Amino acid sequence: MSSPSHKRIWKVVSLIPQGKVASYGQIADLAGLPGRARMVSKALKCTPEELAIPWHRVLRADGKIAFPVGHEFGLQQQQLLREEGLQVDRLRVNLSACQWQPDLPTLLFALDY
DNA sequence: ACCTTGACATTGG
DNA sequence: GCCAATGCCAAGG
């Protein structure tokens, strides 16, 4: 199931560079869906296999991995983030100096504005 | 049409 | 920092 909103969300997430992270709410805002952080999580859950996007770079606003402790995806996410050089402590990322700040022109171009 | 469910965010204690 | 209460809103029963 894919809606126009989902596609915009996937595009925005695909722009997050290696070593940087963003929150669900931030992605929603950038995708033109203010206040709809939960829609971002849904969109990620429905991501088609063939679409390779850096889903692991999306965290809660406080830097925590959204999956419960012990969840397989959470552990995988933690590992992927560490492989990018980020410091992850107990499923939480130290947000200092790794928060994504999108380049506006690039963002607008990606969203066909 | 009503109810429940989230890979969330914010606020207040 | 942790927890509970609220707000949020699309999807699926």
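Worth saying up front: this structure is predicted, and the values here are computed from it rather than measured. In what follows, every heavy atom counts, from backbone to side chain, and hydrogens, waters and symmetry copies are set aside.
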Within the 4.0 Å heavy-atom criterion, would you say A:Ser5 contacts the bases, only the backbone, or no part of the nucleic acid? nothing
In numerical order, the residues of residues 76-102 of chain A whose heavy atoms come under 4.0 Å of DNA chain B are none
So, with a heavy-atom separation below 4.0 Å from DNA chain B, the residues of residues 60-68 of chain A are A:Arg60, A:Ala61, A:Ala66, A:Phe67
Between [atom2] of [N] and [atom1] of [X], the distance in whole Å:
X: A:Leu33; N: B:dC8; atom1: CG; atom2: P; answer: 16 Å
X: A:Trp55; N: B:dC8; atom1: CH2; atom2: P; answer: 13 Å
X: A:Gln26; N: B:dT10; atom1: CD; atom2: P; answer: 11 Å
X: A:Trp10; N: B:dA7; atom1: CH2; atom2: P; answer: 16 Å
X: A:Tyr24; N: B:dA9; atom1: OH; atom2: C1'; answer: 13 Å
X: A:Asp29; N: B:dC8; atom1: CG; atom2: C1'; answer: 12 Å
X: A:Ile27; N: B:dA7; atom1: CD1; atom2: C1'; answer: 13 Å
X: A:Ile53; N: B:dA7; atom1: CD1; atom2: C1'; answer: 12 Å

For atom C1', what is the distance between C:dC8 and B:dT5, given to the nearest Å? 13 Å
Distance check, P atoms only: B:dA7 and C:dT6, in whole angstrom units. 22 Å
Provide the closest heavy-atom pair for [X] versus [Y] in the form atom of the first, atom of the second, distance.
X: A:Ala22; Y: A:Ile27; value: CB-CD1, 3.8 Å
X: A:Ala28; Y: A:Ala37; value: CB-N, 4.0 Å
X: A:Ile9; Y: A:Ala31; value: CG1-CB, 4.1 Å

Do any pairs count as a salt bridge (Lys or Arg N to Asp or Glu O under 4.0 Å) and have a residue in residues 66-80 of chain A, sequence neighbours left out, and if so which ones? none
Contact list for residues 30-41 of chain A, test salt bridge (Lys or Arg N to Asp or Glu O under 4.0 Å), sequence neighbours left out: none
Quick one: which protein N/O atoms are closer than 3.5 Å to N/O atoms of nucleotides 7-9 of chain C? Pair and distance per line, please.
residue	atom	partner	partner atom	Å
C:dG7	O6	A:Arg38	NH1	3.4

Tell me the side-chain hydrogen bond (donor to acceptor under 3.5 Å, both in side chains) pairs involving residues 19-33 of chain A, sequence neighbours left out? none
Nearest 0.5 Å please: distance from the CD atom of A:Gln78 over to the CG atom of A:Asp89. 8.5 Å
Output field dot_bracket for DNA chain C (Watson-Crick or G-U, both distances under 3.5 Å, | for other-strand pairs) contains .||||||.|||||
Knowing that exactly one of A:Leu75, A:Leu80, A:Leu81 qualifies, which makes a side-chain contact (heavy atoms from CB on, under 4.5 Å) with A:Gln77? A:Leu81
Can you list, pair by pair, the side-chain donor-acceptor contacts under 3.5 Å of residues 94-113 of chain A, counting residues two or more places apart and other chains?
residue	atom	partner	partner atom	Å
A:Asn94	OD1	A:Ser96	N	3.2
A:Asn94	OD1	A:Ser96	OG	2.9
A:Asp103	OD2	A:Thr106	N	3.1
A:Asp103	OD2	A:Thr106	OG1	2.5
A:Asp112	OD2	A:Lys11	NZ	3.0

Min side-chain heavy-atom separation A:Met39-A:Ser3 under 4.5 Å: yes
Filter on ring pair (Phe, Tyr, Trp, His ring centres under 6.0 Å), then keep only pairs touching residues 66-85 of chain A, sequence neighbours left out; what's left? A:Phe67-A:His71, A:Phe67-A:Phe73, A:His71-A:Phe73
A:Glu83: side-chain hydrogen bond (donor to acceptor under 3.5 Å, both in side chains) partners, not counting sequence neighbours: A:Gln79
Show me the donor-acceptor pairs, under 3.5 Å and distance only, between side chains in residues 47-63 of chain A and residues at least two apart or in other chains.
residue	atom	partner	partner atom	Å
A:Thr47	OG1	A:Trp10	NE1	3.4
A:Thr47	OG1	A:Ala43	O	3.3
A:Thr47	OG1	A:Leu44	O	2.7
A:His56	NE2	A:Glu84	OE2	2.8
A:Arg57	NE	A:Glu84	OE1	3.1
A:Arg57	NE	A:Glu84	OE2	3.0
A:Arg57	NH1	A:Ile16	O	2.8
A:Arg57	NH2	A:Glu84	OE2	2.6
A:Asp62	OD1	A:Lys64	N	3.0

